[in-house]
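Here is the structure we will look at.
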2 protein chains.
Amino acid sequence: MDKPKPEHLKNAGLKSTVPRLNILSLFESRQECHMSAEDVYKQLLANGDDVGLATVYRVLTQFEQAGLLVRHNFEGGKSVFELNQGKHHDHIVCLQCGHVEEFYDAAIESRQKKVAAERGFAVHDHSLYIYADCLKKNCPHKR
Amino acid sequence: MDKPKPEHLKNAGLKSTVPRLNILSLFESRQECHMSAEDVYKQLLANGDDVGLATVYRVLTQFEQAGLLVRHNFEGGKSVFELNQGKHHDHIVCLQCGHVEEFYDAAIESRQKKVAAERGFAVHDHSLYIYADCLKKNCPHKR
DNA sequence: TTGCAAATGAGAAACATTATCATTTGTATG
DNA sequence: CATACAAATGATAATGTTTCTCATTTGCAA
Ligand SMILES: [Mn+2]
Ligand SMILES: [Mn+2]
Ligand SMILES: [Zn+2]
Ligand SMILES: [Zn+2]
(Lines give C-alpha, C1' and ligand atoms only; values in the text may rest on other atoms or scores of the structure.)
(Ligands and ions follow the chains in the order given, each with its own letter.)
Protein backbone atom coordinates (compact mmCIF):
# COMPACT_ATOMS: atom_id res chain seq x y z
CA MET A 1 0.00 0.00 0.00
CA ASP A 2 2.76 2.45 -0.84
CA LYS A 3 1.23 5.66 -2.20
CA PRO A 4 2.32 6.45 -5.74
CA LYS A 5 4.37 9.62 -6.15
CA PRO A 6 3.08 12.48 -8.33
CA GLU A 7 6.19 11.94 -10.46
CA HIS A 8 4.79 8.60 -11.61
CA LEU A 9 1.97 10.47 -13.31
CA LYS A 10 4.19 13.31 -14.52
CA ASN A 11 6.51 10.82 -16.16
CA ALA A 12 3.52 9.38 -17.95
CA GLY A 13 2.60 12.83 -19.27
CA LEU A 14 -0.41 13.16 -16.98
CA LYS A 15 -0.77 15.82 -14.39
CA SER A 16 -1.08 14.75 -10.80
CA THR A 17 -4.64 14.89 -9.52
CA VAL A 18 -6.45 13.36 -6.60
CA PRO A 19 -8.59 10.89 -8.60
CA ARG A 20 -5.62 9.76 -10.68
CA LEU A 21 -3.45 9.20 -7.62
CA ASN A 22 -6.23 7.26 -5.90
CA ILE A 23 -6.82 5.02 -8.89
CA LEU A 24 -3.14 4.31 -9.42
CA SER A 25 -2.74 3.67 -5.72
CA LEU A 26 -5.57 1.15 -5.82
CA PHE A 27 -3.92 -0.85 -8.61
CA GLU A 28 -0.50 -0.67 -6.95
CA SER A 29 -1.88 -1.88 -3.64
CA ARG A 30 -3.22 -5.04 -5.30
CA GLN A 31 -0.66 -6.57 -7.59
CA GLU A 32 -1.97 -9.02 -10.18
CA CYS A 33 -5.47 -7.73 -9.64
CA HIS A 34 -7.82 -7.46 -12.60
CA MET A 35 -10.59 -4.88 -12.11
CA SER A 36 -13.41 -3.44 -14.20
CA ALA A 37 -14.32 0.26 -14.13
CA GLU A 38 -17.21 -0.59 -11.84
CA ASP A 39 -14.88 -2.53 -9.53
CA VAL A 40 -12.53 0.44 -9.31
CA TYR A 41 -15.37 2.89 -8.74
CA LYS A 42 -16.92 0.85 -5.92
CA GLN A 43 -13.54 0.24 -4.32
CA LEU A 44 -12.74 3.95 -4.29
CA LEU A 45 -16.10 4.78 -2.73
CA ALA A 46 -15.54 2.06 -0.14
CA ASN A 47 -12.17 3.68 0.63
CA GLY A 48 -13.99 6.94 1.27
CA ASP A 49 -12.62 8.58 -1.86
CA ASP A 50 -15.31 10.65 -3.54
CA VAL A 51 -15.02 10.17 -7.28
CA GLY A 52 -17.27 10.21 -10.35
CA LEU A 53 -17.80 7.15 -12.51
CA ALA A 54 -17.05 9.19 -15.64
CA THR A 55 -13.69 10.09 -14.20
CA VAL A 56 -12.90 6.44 -13.51
CA TYR A 57 -13.62 5.53 -17.13
CA ARG A 58 -11.60 8.48 -18.42
CA VAL A 59 -8.62 7.81 -16.19
CA LEU A 60 -8.54 4.07 -16.95
CA THR A 61 -8.38 4.83 -20.66
CA GLN A 62 -5.70 7.47 -20.12
CA PHE A 63 -3.65 5.08 -18.01
CA GLU A 64 -3.99 2.44 -20.68
CA GLN A 65 -2.77 4.86 -23.36
CA ALA A 66 0.06 5.99 -21.10
CA GLY A 67 1.12 2.37 -20.61
CA LEU A 68 0.39 2.30 -16.88
CA LEU A 69 -2.45 -0.21 -17.23
CA VAL A 70 -3.30 -3.03 -19.60
CA ARG A 71 -6.87 -3.57 -20.77
CA HIS A 72 -8.42 -7.00 -21.24
CA ASN A 73 -11.61 -8.09 -22.97
CA PHE A 74 -12.54 -11.31 -21.26
CA GLU A 75 -15.89 -12.95 -21.97
CA GLY A 76 -18.72 -10.99 -20.40
CA GLY A 77 -18.64 -7.76 -22.30
CA LYS A 78 -16.86 -5.46 -19.86
CA SER A 79 -13.24 -4.34 -19.98
CA VAL A 80 -10.95 -5.24 -17.11
CA PHE A 81 -7.65 -3.59 -16.28
CA GLU A 82 -4.50 -4.56 -14.50
CA LEU A 83 -1.29 -2.79 -13.59
CA ASN A 84 1.27 -2.96 -16.39
CA GLN A 85 3.91 -5.14 -14.78
CA GLY A 86 6.34 -4.62 -17.62
CA LYS A 87 6.36 -8.29 -18.51
CA HIS A 88 3.73 -9.44 -21.00
CA HIS A 89 1.72 -12.46 -19.92
CA ASP A 90 -1.45 -14.31 -20.84
CA HIS A 91 -4.35 -15.47 -18.68
CA ILE A 92 -6.30 -18.48 -17.50
CA VAL A 93 -9.76 -17.50 -16.30
CA CYS A 94 -11.61 -19.88 -13.96
CA LEU A 95 -15.21 -20.20 -15.13
CA GLN A 96 -16.33 -21.35 -11.67
CA CYS A 97 -15.01 -18.53 -9.55
CA GLY A 98 -13.68 -15.88 -11.91
CA HIS A 99 -10.15 -16.19 -10.57
CA VAL A 100 -7.52 -15.08 -13.07
CA GLU A 101 -4.14 -16.78 -13.21
CA GLU A 102 -1.24 -15.46 -15.23
CA PHE A 103 1.28 -17.36 -17.32
CA TYR A 104 3.97 -16.80 -19.91
CA ASP A 105 5.02 -19.40 -22.45
CA ALA A 106 7.93 -18.53 -24.71
CA ALA A 107 7.03 -21.23 -27.22
CA ILE A 108 3.52 -19.84 -27.69
CA GLU A 109 4.86 -16.32 -28.07
CA SER A 110 7.38 -17.23 -30.73
CA ARG A 111 4.94 -19.39 -32.69
CA GLN A 112 2.53 -16.42 -32.81
CA LYS A 113 5.20 -14.17 -34.30
CA LYS A 114 6.03 -16.83 -36.83
CA VAL A 115 2.40 -17.40 -37.84
CA ALA A 116 1.77 -13.68 -38.34
CA ALA A 117 5.01 -13.09 -40.24
CA GLU A 118 4.34 -16.01 -42.59
CA ARG A 119 1.00 -14.45 -43.51
CA GLY A 120 2.36 -10.94 -44.01
CA PHE A 121 1.18 -9.23 -40.85
CA ALA A 122 3.03 -6.86 -38.50
CA VAL A 123 1.83 -7.75 -35.01
CA HIS A 124 0.64 -4.94 -32.73
CA ASP A 125 -0.37 -7.15 -29.86
CA HIS A 126 -2.43 -10.20 -29.06
CA SER A 127 -4.72 -11.63 -26.43
CA LEU A 128 -4.78 -15.22 -25.29
CA TYR A 129 -7.37 -16.22 -22.73
CA ILE A 130 -7.82 -19.80 -21.58
CA TYR A 131 -11.21 -20.43 -19.99
CA ALA A 132 -11.12 -23.34 -17.60
CA ASP A 133 -12.14 -24.84 -14.26
CA CYS A 134 -9.83 -25.18 -11.28
CA LEU A 135 -9.25 -28.85 -10.56
CA LYS A 136 -8.42 -28.22 -6.92
CA LYS A 137 -10.92 -30.01 -4.63
CA ASN A 138 -12.37 -26.78 -3.25
CA CYS A 139 -11.93 -23.87 -5.58
CA PRO A 140 -10.12 -21.33 -3.40
CA HIS A 141 -11.57 -18.32 -5.12
CA LYS A 142 -15.35 -18.71 -4.82
CA ARG A 143 -17.17 -15.57 -5.83
CA MET B 1 -25.90 -19.76 -51.67
CA ASP B 2 -27.42 -23.16 -51.09
CA LYS B 3 -30.44 -22.83 -48.86
CA PRO B 4 -30.13 -24.75 -45.60
CA LYS B 5 -32.63 -27.57 -45.14
CA PRO B 6 -35.05 -27.50 -42.21
CA GLU B 7 -33.41 -30.72 -41.05
CA HIS B 8 -30.25 -28.77 -40.24
CA LEU B 9 -32.19 -26.91 -37.59
CA LYS B 10 -34.17 -29.94 -36.44
CA ASN B 11 -30.93 -31.84 -35.92
CA ALA B 12 -29.76 -28.99 -33.73
CA GLY B 13 -32.91 -29.23 -31.63
CA LEU B 14 -34.40 -26.04 -33.01
CA LYS B 15 -37.62 -25.88 -34.91
CA SER B 16 -37.50 -24.62 -38.44
CA THR B 17 -38.68 -21.03 -38.76
CA VAL B 18 -38.28 -18.35 -41.39
CA PRO B 19 -35.90 -16.10 -39.41
CA ARG B 20 -33.72 -19.04 -38.36
CA LEU B 21 -33.46 -20.35 -41.90
CA ASN B 22 -32.58 -16.90 -43.23
CA ILE B 23 -29.88 -16.34 -40.63
CA LEU B 24 -28.33 -19.76 -41.15
CA SER B 25 -28.50 -19.25 -44.91
CA LEU B 26 -26.66 -15.95 -44.58
CA PHE B 27 -23.78 -17.54 -42.69
CA GLU B 28 -23.63 -20.51 -45.06
CA SER B 29 -23.53 -18.26 -48.10
CA ARG B 30 -20.43 -16.51 -46.77
CA GLN B 31 -17.90 -19.00 -45.48
CA GLU B 32 -15.24 -17.62 -43.17
CA CYS B 33 -17.32 -14.52 -42.57
CA HIS B 34 -17.38 -12.93 -39.12
CA MET B 35 -20.51 -10.87 -38.44
CA SER B 36 -21.97 -8.96 -35.51
CA ALA B 37 -25.69 -9.01 -34.67
CA GLU B 38 -26.01 -5.62 -36.31
CA ASP B 39 -24.22 -6.89 -39.43
CA VAL B 40 -26.60 -9.83 -39.67
CA TYR B 41 -29.65 -7.65 -39.07
CA LYS B 42 -28.69 -5.13 -41.77
CA GLN B 43 -27.79 -7.86 -44.22
CA LEU B 44 -31.15 -9.56 -43.77
CA LEU B 45 -33.00 -6.29 -44.28
CA ALA B 46 -30.90 -5.63 -47.40
CA ASN B 47 -31.92 -9.08 -48.64
CA GLY B 48 -35.57 -8.07 -48.22
CA ASP B 49 -36.08 -10.39 -45.27
CA ASP B 50 -38.23 -8.71 -42.63
CA VAL B 51 -36.84 -9.58 -39.21
CA GLY B 52 -36.62 -8.04 -35.75
CA LEU B 53 -33.32 -7.16 -34.11
CA ALA B 54 -34.36 -9.00 -30.95
CA THR B 55 -34.86 -12.15 -32.97
CA VAL B 56 -31.40 -11.82 -34.48
CA TYR B 57 -29.83 -11.62 -31.03
CA ARG B 58 -31.92 -14.53 -29.76
CA VAL B 59 -31.18 -16.75 -32.73
CA LEU B 60 -27.45 -16.01 -32.71
CA THR B 61 -27.27 -17.08 -29.07
CA GLN B 62 -29.34 -20.18 -29.76
CA PHE B 63 -27.15 -21.11 -32.71
CA GLU B 64 -24.08 -20.64 -30.56
CA GLN B 65 -25.51 -22.92 -27.87
CA ALA B 66 -26.51 -25.47 -30.51
CA GLY B 67 -22.97 -25.45 -31.89
CA LEU B 68 -23.93 -24.03 -35.29
CA LEU B 69 -22.06 -20.76 -34.71
CA VAL B 70 -19.00 -19.69 -32.77
CA ARG B 71 -18.93 -16.39 -30.87
CA HIS B 72 -15.89 -14.14 -30.67
CA ASN B 73 -15.10 -11.17 -28.45
CA PHE B 74 -12.65 -9.11 -30.47
CA GLU B 75 -11.64 -5.66 -29.31
CA GLY B 76 -14.48 -3.20 -29.80
CA GLY B 77 -17.07 -4.41 -27.37
CA LYS B 78 -19.45 -6.26 -29.64
CA SER B 79 -19.71 -10.01 -30.20
CA VAL B 80 -19.07 -11.39 -33.67
CA PHE B 81 -20.15 -14.79 -34.95
CA GLU B 82 -18.99 -17.18 -37.61
CA LEU B 83 -20.22 -20.50 -38.93
CA ASN B 84 -18.86 -23.42 -36.93
CA GLN B 85 -16.62 -25.06 -39.48
CA GLY B 86 -15.94 -28.04 -37.26
CA LYS B 87 -12.24 -27.30 -37.09
CA HIS B 88 -11.09 -25.00 -34.30
CA HIS B 89 -8.92 -22.11 -35.41
CA ASP B 90 -7.60 -18.80 -34.11
CA HIS B 91 -7.62 -15.34 -35.69
CA ILE B 92 -5.46 -12.50 -36.90
CA VAL B 93 -7.41 -9.23 -37.03
CA CYS B 94 -6.11 -6.43 -39.24
CA LEU B 95 -6.28 -3.15 -37.31
CA GLN B 96 -6.28 -1.13 -40.54
CA CYS B 97 -9.18 -2.71 -42.35
CA GLY B 98 -10.83 -5.11 -39.94
CA HIS B 99 -10.13 -8.11 -42.14
CA VAL B 100 -10.01 -11.36 -40.18
CA GLU B 101 -7.66 -14.15 -41.19
CA GLU B 102 -7.81 -17.63 -39.72
CA PHE B 103 -4.98 -19.92 -38.69
CA TYR B 104 -4.31 -23.09 -36.79
CA ASP B 105 -1.03 -23.90 -35.11
CA ALA B 106 -0.69 -27.31 -33.50
CA ALA B 107 2.29 -26.25 -31.40
CA ILE B 108 0.34 -23.36 -29.84
CA GLU B 109 -2.63 -25.62 -29.15
CA SER B 110 -0.57 -28.27 -27.39
CA ARG B 111 1.41 -25.76 -25.35
CA GLN B 112 -1.86 -24.27 -24.10
CA LYS B 113 -3.10 -27.65 -22.91
CA LYS B 114 0.21 -28.25 -21.18
CA VAL B 115 0.25 -24.86 -19.46
CA ALA B 116 -3.28 -25.30 -18.14
CA ALA B 117 -2.71 -28.89 -17.00
CA GLU B 118 0.49 -27.95 -15.15
CA ARG B 119 -1.47 -25.35 -13.19
CA GLY B 120 -4.37 -27.64 -12.36
CA PHE B 121 -7.02 -26.36 -14.74
CA ALA B 122 -9.44 -28.29 -16.98
CA VAL B 123 -9.70 -26.26 -20.18
CA HIS B 124 -13.17 -25.42 -21.52
CA ASP B 125 -11.99 -23.36 -24.45
CA HIS B 126 -9.73 -20.48 -25.29
CA SER B 127 -9.48 -17.45 -27.51
CA LEU B 128 -6.36 -16.24 -29.25
CA TYR B 129 -6.58 -13.04 -31.24
CA ILE B 130 -3.55 -11.48 -32.91
CA TYR B 131 -4.05 -7.80 -33.70
CA ALA B 132 -1.84 -6.67 -36.56
CA ASP B 133 -1.44 -4.68 -39.77
CA CYS B 134 -1.37 -6.22 -43.23
CA LEU B 135 2.04 -5.67 -44.76
CA LYS B 136 0.70 -5.96 -48.31
CA LYS B 137 1.32 -2.72 -50.26
CA ASN B 138 -2.36 -1.88 -50.56
CA CYS B 139 -4.43 -3.51 -47.88
CA PRO B 140 -6.96 -5.45 -49.92
CA HIS B 141 -9.71 -5.21 -47.36
CA LYS B 142 -10.25 -1.47 -46.84
CA ARG B 143 -13.37 -0.71 -44.88
C1' DT C 1 -2.36 35.26 -4.58
C1' DT C 2 -4.02 35.12 -9.14
C1' DG C 3 -5.14 33.21 -13.70
C1' DC C 4 -6.32 29.73 -16.55
C1' DA C 5 -6.00 25.52 -18.98
C1' DA C 6 -6.88 21.01 -17.61
C1' DA C 7 -9.57 17.88 -14.99
C1' DT C 8 -13.65 16.61 -12.61
C1' DG C 9 -18.44 15.08 -11.64
C1' DA C 10 -23.46 14.92 -12.45
C1' DG C 11 -26.31 13.83 -15.66
C1' DA C 12 -27.60 13.01 -20.47
C1' DA C 13 -26.67 10.28 -24.32
C1' DA C 14 -25.00 6.51 -27.02
C1' DC C 15 -24.43 1.82 -27.78
C1' DA C 16 -24.93 -3.23 -27.25
C1' DT C 17 -27.78 -6.56 -25.43
C1' DT C 18 -31.70 -8.64 -22.97
C1' DA C 19 -36.54 -8.79 -21.14
C1' DT C 20 -41.59 -8.26 -21.74
C1' DC C 21 -45.64 -9.41 -23.86
C1' DA C 22 -49.23 -9.21 -27.39
C1' DT C 23 -49.40 -11.32 -31.90
C1' DT C 24 -48.01 -14.70 -35.34
C1' DT C 25 -46.39 -19.14 -36.95
C1' DG C 26 -45.03 -24.07 -37.22
C1' DT C 27 -46.63 -28.37 -36.53
C1' DA C 28 -49.22 -32.07 -34.58
C1' DT C 29 -53.77 -33.88 -34.45
C1' DG C 30 -58.54 -34.90 -35.92
C1' DC D 1 -57.71 -29.35 -44.82
C1' DA D 2 -59.22 -27.13 -40.29
C1' DT D 3 -58.09 -26.54 -35.44
C1' DA D 4 -55.35 -26.00 -31.36
C1' DC D 5 -51.58 -24.60 -28.91
C1' DA D 6 -46.94 -24.27 -27.60
C1' DA D 7 -43.11 -22.01 -29.46
C1' DA D 8 -41.26 -18.17 -31.86
C1' DT D 9 -41.43 -13.53 -33.32
C1' DG D 10 -41.09 -8.46 -33.28
C1' DA D 11 -42.04 -3.88 -31.32
C1' DT D 12 -40.70 -1.74 -27.54
C1' DA D 13 -39.07 -1.08 -22.91
C1' DA D 14 -35.44 -1.97 -19.92
C1' DT D 15 -30.73 -2.99 -18.64
C1' DG D 16 -25.77 -2.66 -18.51
C1' DT D 17 -21.61 -0.50 -20.09
C1' DT D 18 -19.24 3.32 -21.82
C1' DT D 19 -18.88 7.99 -23.67
C1' DC D 20 -20.27 12.84 -24.08
C1' DT D 21 -21.58 17.58 -22.38
C1' DC D 22 -20.86 21.30 -19.77
C1' DA D 23 -20.82 23.98 -15.53
C1' DT D 24 -17.68 23.89 -11.64
C1' DT D 25 -13.35 22.82 -9.42
C1' DT D 26 -8.42 22.11 -9.18
C1' DG D 27 -3.38 21.87 -10.05
C1' DC D 28 0.24 24.59 -11.11
C1' DA D 29 2.97 28.20 -12.89
C1' DA D 30 3.65 33.05 -12.97
MN1 LIG E 1 -2.63 -10.23 -15.78
MN1 LIG F 1 -12.93 -17.73 -37.90
ZN1 LIG G 1 -11.72 -21.37 -9.43
ZN1 LIG H 1 -5.85 -5.07 -43.85
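Note that this is a predicted model, so its numbers are computed, not measured. The sequence lines fix the lettering, A, B, ..., with proteins before strands; numbering per chain opens at 1.
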From NZ of B:Lys15 across to P of D:dA7 the rounded distance in Å is 7 Å

Whole-Å gap separating C1' (D:dG10) and CG (B:Asn22)
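Rounded to whole Å, this separation is 15 Å.
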
Nearest-nucleotide check on DNA chain C, A:Gly52 vs B:Thr17; residue mapping nearer the 5' end is A:Gly52

Would you check if [X] and [Y] make a side-chain contact, meaning some heavy-atom pair closer than 4.5 Å?
X	Y	value
A:Asn22	A:Pro19	no
A:Asp90	A:Asp105	no
A:Ile130	A:Phe103	yes

Scan side-chain atoms only and decide if A:Gln31 and A:Glu28 contain a donor-acceptor pair under the 3.5 Å cut-off.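 The criterion, which ignores hydrogens and geometry beyond distance, is not satisfied for A:Glu28 and A:Gln31.
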
Distance only, no hydrogens: is a donor on one side chain within 3.5 Å (strictly under) of an acceptor on the other, for A:His91 and A:Glu101?
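Looking only at side-chain atoms, A:Glu101 and A:His91 do not form any donor-acceptor pair under 3.5 Å.
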
Residues which pass salt bridge (Lys or Arg N to Asp or Glu O under 4.0 Å) with B:Lys78, listed by chain and number, not counting sequence neighbours
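Here no residue qualifies.
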
**Item:** Stretch residues 39-51 of chain B: residues that reach within less than 4.0 Å of DNA chain C through a heavy atom
**Value:**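 Heavy-atom contacts with DNA chain C come from no residue of residues 39-51 of chain B; none.
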
Counting only N and O atoms by type, is there a donor-acceptor contact under 3.5 Å from the side chain of A:Asn84 to the main-chain atoms of A:Gly86?
-> yes

Which is the 5'-most and which the 3'-most nucleotide of DNA chain C that has an atom under 4.0 Å from a heavy atom of chain A?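 Both ends considered, the range comes out as C:dA6 to C:dG11.
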
Practice prompt. Could you identify which residues cluster with A:Val70, counting Ile, Leu, Val, Met, Phe, Trp and Tyr as linked when any side-chain heavy atoms lie under 4.5 Å apart, either directly or through a chain of such contacts?
Written response: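 Noted: A:Val70 shares its cluster with no other residue.
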
Going by chain and number, the hydrophobic cluster around A:Leu45 (ILVMFWY, side chain to side chain under 4.5 Å) further includes A:Leu9, A:Leu14, A:Leu21, A:Ile23, A:Leu24, A:Leu26, A:Phe27, A:Met35, A:Val40, A:Tyr41, A:Leu44, A:Val51, A:Leu53, A:Val56, A:Tyr57, A:Val59, A:Leu60, A:Phe63, A:Leu68, A:Leu69, A:Phe81, A:Leu83

- Task: Flag the pair B:Glu109 and B:Lys113 as a salt bridge only when some basic side-chain nitrogen lies within less than 4.0 angstrom of an acidic carboxylate oxygen.
- Result: no

Just the table, please: protein N/O against nucleotides 17-19 of chain D N/O, every pair under 3.5 Å.
unit_1	atom_1	unit_2	atom_2	d
D:dT17	OP1	A:Lys78	NZ	2.9
D:dT18	OP1	A:Ser79	N	2.9
D:dT18	OP2	A:Tyr57	OH	2.6

